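Heavy-atom basis, side chains included; hydrogens, waters and symmetry copies ignored. Worth saying up front: this structure is predicted, and the values here are computed from it rather than measured.
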There are 2 protein chains.
Amino acid sequence: MTKMNNKNKIFIDKLRSSGLRPTNQRVEISKFLFNRKKTFHFTVEELKSSMNLKRQKKISTATFYNTVHALKSAGHLKEFSLENNTSCYDTNITSHHHFFDNGKVIDIKSDKITFQKLPEAPKGKKIKNVEVVIRLENNN
Amino acid sequence: MTKMNNKNKIFIDKLRSSGLRPTNQRVEISKFLFNRKKTFHFTVEELKSSMNLKRQKKISTATFYNTVHALKSAGHLKEFSLENNTSCYDTNITSHHHFFDNGKVIDIKSDKITFQKLPEAPKGKKIKNVEVVIRLENNN
DNA sequence: ACATACTTTAGAATAATTATAAAGTAGTTA
DNA sequence: TAACTACTTTATAATTATTCTAAAGTATGT
């Protein structure tokens, strides 16, 4: 990247703050993830196939995993586990909760759930975060 | 099993109600899981190695997976996902919540957490269950 | 432009889980 | 109880998600 146009600055900054040099592949991934209005839920496989679908020169699996991990460690992505033993990532990094509806994930804004009572952390420990999953089923 | 002694009835019943014939291997697994006072959290690998450790004739991996899956489908075990993409099972099938403390899982009794506010299910859907995970970190 | 450390990539390696198919066993029936 | 049939067990192969490796390529500081 000899010259980086300014419109990518925000995506490049996410990489830099994750300790990653802004290579072409990474900038494309960062744009793909963060250049959107709505929250985005994905697994690495899904990200890879949807990005590579439209590309002549494919980005390798390892690069997707590396980039997503670094972004996650830096706090630009949230990770959560699906039932089927795959990691799912969320571009919404604000504290929030989820509906799980047969494999589909829907965000719940943090203020939609409040607690009347929460247990104390065991001694020597403190609460890092609280995550709620509301599992849904069909109404009939 | 020509003759099944009565003291195993409860463990055999769990198998039968899961659609499984009470073979020797399955009865041993069922006993190992349910013949205890405290709740038991395990992955299939952990179950397998701890049971096979003390046996001359090992039970195969497939039998552990089959049996655990059937018990889970019948509702005798609860499944939840750990961060590291392995399925964890819980012999406590009552509705309850969990502390996650660096890979260690601790049950939280259902009545220790109550809600002041919960979102409505999207239309056409209803809430099947609500699960809370409280992640812990060290105090210092 | 150079040097160097960081990257990309294809492909191998691992780990968790599921599938296969041959040999064994439970439960039913006569 | 003998015999039959469908269900089981097992070792092993296959799959899936993910991580590792090492050779070839690239960003960045000087």
Using 0.5 Å steps for rounding, measure from the [atom1] atom of [X] to the [atom2] atom of [Y].
| X | Y | atom1 | atom2 | value |
| --- | --- | --- | --- | --- |
| A:Asp101 | B:Lys128 | CG | NZ | 9.0 Å |
| A:Leu33 | A:Asp90 | CG | CG | 11.0 Å |
| B:Lys48 | B:Thr63 | NZ | OG1 | 10.5 Å |
| B:Ser87 | B:Phe80 | OG | CZ | 10.0 Å |
| B:Lys9 | B:Arg16 | NZ | CZ | 9.5 Å |

Rounded distance in Å - [atom1] ([X]) to [atom2] ([N]):
| X | N | atom1 | atom2 | result |
| --- | --- | --- | --- | --- |
| A:Leu20 | D:dT26 | CG | C1' | 15 Å |
| B:Arg26 | C:dA26 | CZ | P | 11 Å |
| A:Glu28 | D:dT26 | CD | C1' | 15 Å |
| A:Glu46 | D:dT16 | CD | P | 15 Å |
| A:Phe64 | D:dT19 | CZ | P | 15 Å |

**Q.** A:Lys125 with B:Glu137: basic N within carboxylate O range, under 4.0 Å
**A.**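 No, this pair does not count.
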Q | N/O donor-acceptor pair under 3.5 Å between B:Ser49 side chain and B:Glu45 backbone | A |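 Answer holds: yes.
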Can you tabulate the close N/O pairs, meaning under 3.5 Å, that link protein atoms to atoms of nucleotides 4-6 of chain D?
none

Q: Please check if B:Met51 and B:Leu20 belong to a single hydrophobic cluster, counting links between Ile, Leu, Val, Met, Phe, Trp and Tyr side chain heavy atoms closer than 4.5 Å.
A: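 They do share one cluster, since a chain of ILVMFWY contacts under 4.5 Å joins B:Met51 to B:Leu20.
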Q.
Would you say B:Phe34 ends up clustered with B:Val27 if hydrophobic residues are merged whenever their side chains have heavy atoms under 4.5 Å apart, either directly or through other cluster members?
A.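 Cluster IDs for B:Val27 and B:Phe34 match.
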Q.
Let me test you: for the helix from C:dA1-D:dT30 to C:dA30-D:dT1, what is the angle between the axes at its two ends (five pairs each), rounded to 10 degrees?
A.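 That helix has its two terminal axes inclined by roughly 30°.
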**Q.** Nucleic acid footprint by protein, nucleotides 9-22 of chain C - heavy-atom cut-off 4.0 Å, B for base, S for sugar-phosphate alone
**A.** BS-----SBB----
Q: State which residue, out of A:Lys112, A:His98, A:Lys38, A:His97, fulfils the side chain to side chain donor-acceptor pair (under 3.5 Å) condition with A:Asp107.
A: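 Result for side chain to side chain donor-acceptor pair (under 3.5 Å) with A:Asp107: A:His98.
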Q) Any side-chain donor paired with an acceptor under 3.5 Å for B:Thr39 and B:His96? A)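 No, B:His96 and B:Thr39 have no side-chain donor paired with an acceptor closer than 3.5 Å.
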